[in-house]
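Quick caveat, the model's predicted, so the values are computed rather than measured. Atom set for the values below is all heavy atoms of this structure, side chains included, hydrogens, waters and symmetry mates excluded.
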Amino acid sequence: MEIIIADDHKMVRKGIKLILEAAYPGIFVDEADDGAQLVKKVSHKKWDIIISDISMPGRSGVDVVKDIKQISPDTPILVLSTHPAEQYAIRIIKAGVSCYLTKESAPEELVEAVESLRQGRRYFTDEVVNLLAHTIDDRGSEKPHEKLTDKEFDIMKQLALGKSVTEISNSFSISKNTVSTYKTRIFEKMQVLHVADLIRYAVDHQF
């Protein structure tokens, strides 16, 4: 089995690699330290499973997943993230991932998830299953941030961190006018008037 791990923290990659090598003797594990490197390696080689964080330097994790699914649509992707499932799981599953785990998950759960993906099945925790059920059964009670597109959500988080329009423009390689347009849409959808309101919302929802 051949797996690639993408995370901008070397120690995290090494830890995951050790867990997988203990569970699957003879496994080949490669590493990538950001989304761009991951996409490049996926475009040059077919992998059995891709394990990736979604908060790495450069492009949005959701955009990286979409790129990978275009290059290698049948390769299962396991997202291992610091973000609670409530924040990103539904978005990332819609983008095509087969599993969403938090980094606090036990090593045994990671191996169980990898085994499910290896056998052609998805793997969802009870928390993620409940979120999916909520999305299907109760669409009328969306939280404000759930109304945002993936790009709006990423920019909203940057605004909530206190980043300026110029800083966000540079980070996402888009014009300042485009960022301002996104900012206006975000304010409208979330029904806020000031960045301070977004900051309070982000704190309340642990973004």
Side-chain angles (χ1 to χ4, degrees), residues 1-129 131-132 150 153-154 157 161 171-172 206-207:
M1 181 164 59
E2 297 183 330
I3 292 179
I4 185 166
I5 301 167
D7 196 289
D8 57 320
H9 294 97
K10 185 175 181 179
M11 292 305 296
V12 172
R13 299 196 306 269
K14 296 300 182 186
I16 298 170
K17 186 175 181 178
L18 287 173
I19 292 170
L20 295 176
E21 289 176 338
Y24 298 100
I27 189 176
F28 174 74
V29 181
D30 197 3
E31 302 177 30
D33 56 20
D34 60 28
Q37 189 178 50
L38 174 61
V39 171
K40 183 177 180 180
K41 290 194 173 188
V42 170
S43 67
H44 285 88
K45 179 179 175 59
K46 175 70 174 178
W47 301 92
D48 293 305
I49 296 172
I50 297 166
I51 298 176
S52 180
D53 192 2
I54 54 172
S55 296
M56 295 182 286
R59 299 176 60 221
S60 158
V62 176
D63 288 341
V64 170
V65 167
K66 289 177 179 178
D67 283 353
I68 291 171
K69 296 308 289 186
Q70 286 187 336
I71 297 167
S72 185
D74 298 328
T75 303
I77 302 172
L78 186 160
V79 164
L80 197 60
S81 174
T82 56
H83 300 289
E86 180 183 358
Q87 290 185 23
Y88 263 110
I90 301 302
R91 291 179 185 276
I92 210 73
I93 288 169
K94 287 179 179 178
V97 306
S98 298
C99 176
Y100 186 99
L101 294 177
T102 62
K103 289 184 178 177
E104 288 74 23
S105 302
E108 294 81 6
E109 187 168 31
L110 174 62
V111 173
E112 185 178 351
V114 167
E115 183 61 21
S116 291
L117 270 57
R118 189 177 73 86
Q119 296 181 20
R121 304 192 305 267
R122 289 187 169 193
Y123 183 91
F124 295 138
T125 63
D126 290 342
E127 181 182 11
V128 171
V129 169
L131 287 171
L132 288 168
D150 294 334
F153 182 69
D154 288 333
K157 290 185 67 177
L161 288 171
S171 177
F172 287 97
Q206 299 181 330
F207 287 159

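Atom OH of Y100 sits about 9.0 Å away from atom CG of L80, to the nearest 0.5 Å. K46 NZ to I4 CD1: the interatomic distance, rounded to the nearest 0.5 Å, is 13.0 Å. Here the straight-line distance linking atom CG of D53 with atom OG1 of T82 works out to 6.0 Å at 0.5 Å rounding. Atom CD1 of residue I51 and atom CD1 of residue I5 lie 5.5 Å apart, to the nearest 0.5 angstrom.
Residues R122 and I93 approach most closely at NH1-CG2, 4.0 Å, considering heavy atoms. Looking at every heavy atom in both residues, V114 comes nearest to I49 through O-CD1, 3.5 Å. Smallest separation of non-hydrogen atoms from I50 and L38: CG2-CD1, 4.0 Å. Taking both residues in full, the closest heavy atoms of I77 and I68 are given as CD1-CG2, 3.7 Å, listed atom of the first, atom of the second, then distance.
Listed by chain and residue number, L101, E109, Y123, E127, V128 satisfy the side chain to side chain contact (heavy atoms under 4.5 Å, CB included) test with T125 (two or more places apart in sequence, or in another chain). By the salt bridge (Lys or Arg N to Asp or Glu O under 4.0 Å) test, E2 pairs with K45, sequence neighbours left out. In terms of the side chain to side chain donor-acceptor pair (under 3.5 Å) criterion, S171 has no residue partners (sequence neighbours excluded). Here D154 pairs with nothing under the salt bridge (Lys or Arg N to Asp or Glu O under 4.0 Å) rule; sequence neighbours left out. By the side chain to side chain contact (heavy atoms under 4.5 Å, CB included) test, S43 pairs with I71, sequence neighbours left out. S98 meets the side chain to side chain donor-acceptor pair (under 3.5 Å) test with no other residue; sequence neighbours excluded. With sequence neighbours left out, Q37 forms a side chain to side chain contact (heavy atoms under 4.5 Å, CB included) with A32, D33, D34, K41. Legend: residues meeting side chain to side chain donor-acceptor pair (under 3.5 Å) with K10, ordered by chain and number and at least two apart, are absent. Every residue was checked against the salt bridge (Lys or Arg N to Asp or Glu O under 4.0 Å) condition with K69, not counting sequence neighbours, and none meets it. E115 is linked by a salt bridge (Lys or Arg N to Asp or Glu O under 4.0 Å) to R118, counting only residues two or more places apart in sequence or in another chain. With sequence neighbours left out, the side chain to side chain contact (heavy atoms under 4.5 Å, CB included) criterion links V12 to D7, H9, I16, K103.
Residue pairs satisfying the side-chain hydrogen bond (donor to acceptor under 3.5 Å, both in side chains) criterion with at least one member in residues 14-23, sequence neighbours excluded, are listed as follows: K14-E31.
With contacts defined as side-chain heavy-atom distances shorter than 4.5 Å, the pair Y24/I3 does not qualify. Residues V64 and S52 are not in side-chain contact: their nearest non-hydrogen atoms beyond the backbone lie 4.5 Å or more apart.
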Pair V62-F153, side chain to side chain contact (heavy atoms under 4.5 Å, CB included): steps then yes or no: CA-CA 10 Å; V62 176; F153 182 69; over 6 Å; no
